[in-house]
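Values in this document were obtained by computation on a predicted structure and should not be read as measured data. Naming: A, B, ... by sequence-line order, numbering from 1 per chain.
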Protein chains: 2
Amino acid sequence: MKALSGASNGALPDRRSRRGPTIYEVARRAGVSIATVSRVQRRAELVAEPTRDRVERAIQELEYRPSALGRSLARGSHEATGVVFPDLSGPYYSAVILGYEETSAAEGSSVLILGTHRRPGAVDQVLDLGDRVDGLVIMGRTVDDAVVEELVRRGVPVVLLARGPVAGSDSVRVDNRHAAEALVTHLFQHGHRAIAFVGDPGASADAFERWEGFRSAHAAAGLTPTFEPIACAFRESEGREAGRRILAAADRPTALVGANDEIAMGLMEAARDAGLRTPADIAVTGWDDIPAGRHLSPQLTTVRQPMHDIGRRAAALLHERMSGSRTEPRHVVLPTELVVRSSCGCAAPTSEGGVGT
Amino acid sequence: MKALSGASNGALPDRRSRRGPTIYEVARRAGVSIATVSRVQRRAELVAEPTRDRVERAIQELEYRPSALGRSLARGSHEATGVVFPDLSGPYYSAVILGYEETSAAEGSSVLILGTHRRPGAVDQVLDLGDRVDGLVIMGRTVDDAVVEELVRRGVPVVLLARGPVAGSDSVRVDNRHAAEALVTHLFQHGHRAIAFVGDPGASADAFERWEGFRSAHAAAGLTPTFEPIACAFRESEGREAGRRILAAADRPTALVGANDEIAMGLMEAARDAGLRTPADIAVTGWDDIPAGRHLSPQLTTVRQPMHDIGRRAAALLHERMSGSRTEPRHVVLPTELVVRSSCGCAAPTSEGGVGT
DNA sequence: TTGTAAGCGTTATCAT
DNA sequence: ATGATAACGCTTACAA
């Protein structure tokens with residue numbers, strides 16, 4: 001026979017690590033059943049006032065806080081969601097995650113983050129995370145479609161970011177194509193014809209669509225892109241390397257369209273290193289409108305995308321889906337905005353007339 | 001009477017949301033007890049090979065995955081830790097969080113993030129988070145000491161970042177003082193005497209220590225700071241505002257020490273707007289060495305702090321503390337490095353000689 | 001209005 | 001080597 005659970009166990013080593021009193025102790029102290037304590041926690045109005053008072057006093061005195069684990073297990077929900085991102089770094093991912101966290105927290109659910117860092121076990125980690133949350137946001141090409149499909153099959157609500165939708169999941173993306181067209185058309189107006197796209201359309205849906213817009217702008221102008229895309233990851237260092245290669249070529253382009261601002265910064269550095277002036281000798285544009293863009297020299301012409309909002313919308317979609325208030329997939333496309341500054345060749349704005357606040 | 005749990009319940013609406021088979025179903029299918037299934041999961045060698053095979057087959061066939069919740073409840077650990085940050089944004093916080101996530105994930109524990117965003121209910125959210133994790137990292141002045149003390153009292157392992165230690169918790173910080181001294185001394189060498197510190201020593205331990213270093217450098221040179229610190233949050237916009245005020249004054253300083261790089265960018269913008277050249281008319285320095293710094297014009301002189309490492313070390317400390325492999329508090333101070341570029345007045349590096357890779 | 005007791009899905013301690 | 005069964009801490013029918 002074992003000792004009865006409530007009995008004298010002076011200094012139990014205790015498997016339940018730290019953690020204060022349980023609902024049983026509160027119940028005993030208040031002279032009620034655990035059900036009543038539970039009720040007081042959730043919907044105080046279900047309990048008669050005198051009883052409620054006793055319970056509340058007991059809760060206070062014992063400093064009782066219900067166990068999130070126990071509650072989750074009983075309820076079958078985690079009250080948490082997860083965000084999966086690739087090897088991150090750079091303002092884009094953090095801004096999106098922040099926007100996501102902000103609205104998730106406001107809705108009362110915790111946020112788990114998981115970076116895959118091109119780690120080998122990443123797929124399992126993602127799948128695993130799917131079991132610890134009520135819903136998942138997956139950014140870009142973090143994991144491939146098969147994994148997303150598996151997640152969906154398992155019944156995990158999923159929202160995809162900056163990535164083509166997968167059956168059964170929602171998605172949030174931006175209008176890359178039109179913005180890219182506008183950007184390239186703007187470059188045409190500066191007289192550029194030999195424009196190179198620097199980014200990897202094969203590695204990212206965003207880059208792919210930007211490249212598509214790049215092409216269709218050419219087509220609309222009766223042109224054919226002079227160069228194939230220069231494959232390059234979303235990193236300054238890669239942009240710099242790519243820039244060195246391109247600019248060393250005999251028939252170098254007169255304008256460089258970076259797939260994001262970090263690539264563009266790398267490109268500008270490569271240009272400087274090659275002794276070229278931007279934009280006089282070579283125009284450079286970016287994408288994202290990161291804060292530093294306004295402070296570069298020349299100031300960066302780029303496309304603003306609402307990074308923070310992407311995160312917020314993702315949270316909202318996920319929430320709808322988790323609460324079951326919506327079942328059919330929904331795909332949100334957020335607008336972008338061309339931000340013309342001087343790296344494209346436009347006159348440097350005067351101090352007073354600077355773009356942005 | 002209720003139906004026996006295992007009995008026919010064709011299409012149970014099921015409180016346990018999604019979620020596959022339980023350990024009971026696996027056990028039944030393999031013709032063993034749940035204890036055996038549990039053993040196979042954790043330490044396969046405890047089970048005889050033939051039995052193990054049957055169990056493993058059942059697991060496969062049913063696609064059984066143990067419930068993280070059930071496991072955590074039984075074990076009394078969450079296999080998760082949390083990071084609390086203030087209103088974040090900017091490279092500093094994200095870099096630290098990334099470093100933290102990276103090593104935490106490698107150690108197998110999930111990471112929960114919580115931004116307080118100067119929200120009213122923040123304190124409760126933090127306390128609450130403390131109940132859902134095995135340990136907590138708190139960045140800067142996110143919450144005040146009383147909250148940290150309460151967390152410690154509750155037995156939550158806590159690591160503090162960029163903040164004075166609180167009894168019972170570990171901490172990770174950088175050597176602000178010496179770097180600030182080196183920085184200011186460098187400015188002295190450029191001939192500056194009227195130097196203003198832009199940042200809020202009262203709002204951040206980091207800013208406080210940098211200001212202290214600023215003062216002691218003056219003292220060491222037999223000088224007294226010409227200006228009181230110009231209070232300013234770690235934001236570009238605030239730096240810009242602060243810059244406008246200072247530079248409008250009749251007796252304006254000849255050098256500005258921003259408490260971080262974003263403030264410095266704001267200061268440089270204010271200088272531009274005021275028609276002043278940096279560094280000729282006014283020198284500006286920052287802190288953190290964010291990636292954009294190398295691309296500014298002029299390139300930013302700053303102090304590099306190992307943001308990523310701060311996160312990694314925090315993870316390591318927390319891990320030690322959670323595993324109980326260490327009990328006495330430990331306080332890590334990471335080194336910083338003065339990065340001299342041109343915004344302080346040093347000659348602009350040639351293209352080839354640029355700082356950085 | 002309140003109590004009883006059956007889950008929720010594990011782990012771990014005893015027995016056998 | 002394996003099986004029973006008691007925790008773990010809560011929620012929620014159902015009864016009273």
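- The interatomic distance linking A/His78 (NE2) with C/dT10 (P) rounds to 11 Å, in whole Å.
- One atom, CZ of A/Arg71, and another, P of C/dG9, lie 18 Å apart when rounded to the nearest Å.
- Two residues are said to be in side-chain contact when any heavy atoms from C-beta on lie closer than 4.5 Å; B/Leu318 and B/Tyr100 meet this criterion.
- In this structure, B/Thr116 and B/Val84 have side chains that are in contact, with non-hydrogen atoms separated by less than 4.5 Å.
- Salt bridge status for B/Glu49 with B/Arg54: absent, with no side-chain N to carboxylate O gap under 4.0 Å.
- Residue-level contact check: B/Leu69 touches neither bases nor backbone, having no heavy atom under 4.0 Å from any strand.
- For the residue pair B/Ser38/B/Arg42, the side-chain donor-acceptor check at 3.5 Å is satisfied.
- Looking at heavy atoms from C-beta onward, A/Arg57 lies out of side-chain contact with A/Arg29 at the 4.5 angstrom threshold.
- Phosphate contact (OP1/OP2 of C/dG9, side-chain N/O of B/Ser67, threshold under 4.0 Å): absent.
- Nearest to the side-chain atoms of A/Ile34 among the listed nucleotides C/dT10, C/dT2, D/dT11 stands D/dT11.
- In this structure, the side chains of A/His308 and A/Val96 stay at 4.5 Å or more apart for every pair of heavy atoms.
- Rounded to whole Å, atom P of D/dC10 lies 10 Å from atom CD1 of A/Ile59.
- Residues A/Glu45 and A/Ala35 each lie close to DNA chain C; by heavy-atom proximity, the contact nearer the 5' end of the strand is made by A/Glu45.
- In this structure A/Arg65 satisfies the salt bridge (Lys or Arg N to Asp or Glu O under 4.0 Å) test together with B/Asp131, sequence neighbours excluded.
- Using a 4.5 Å cut-off on side-chain heavy atoms (C-beta onward), B/Phe85 and A/Leu98 make contact.
- Computed from coordinates, the B/Tyr24 OH to C/dG7 P distance equals 11 Å when rounded to whole Å.
- In summary, of the residues considered (A/His331, A/Arg313, A/Arg321), a side chain to side chain donor-acceptor pair (under 3.5 Å) with A/Asp170 occurs for A/Arg321 alone.
- Separating the CG atom of A/Asp53 from the C1' atom of C/dT2 is a distance of 16 Å, rounded to the nearest angstrom.
- Rounded to whole angstrom, the span from the CG atom of A/Leu73 across to the C1' atom of D/dA7 amounts to 13 Å.
- At the phosphate of C/dG3, OP1 or OP2 sits under 4.0 Å from a side-chain N or O atom of A/Ser33.
- Of all the residues in residues 36-44 of chain B, B/Ser38, B/Arg39, B/Arg42 reach under 4.0 Å from DNA chain C with at least one non-hydrogen atom.
- Here the P atom of nucleotide D/dT2 and the CG atom of B/Leu46 are 10 Å apart, to the nearest Å.
- From one end of the helix from C/dT1-D/dA16 to C/dT16-D/dA1 to the other, with five pairs defining each end axis, the axis direction shifts by 40° (rounded to 10°).
- Distance CD1 (A/Ile23) to C1' (C/dC8): 15 Å, rounded to an integer number of Å.
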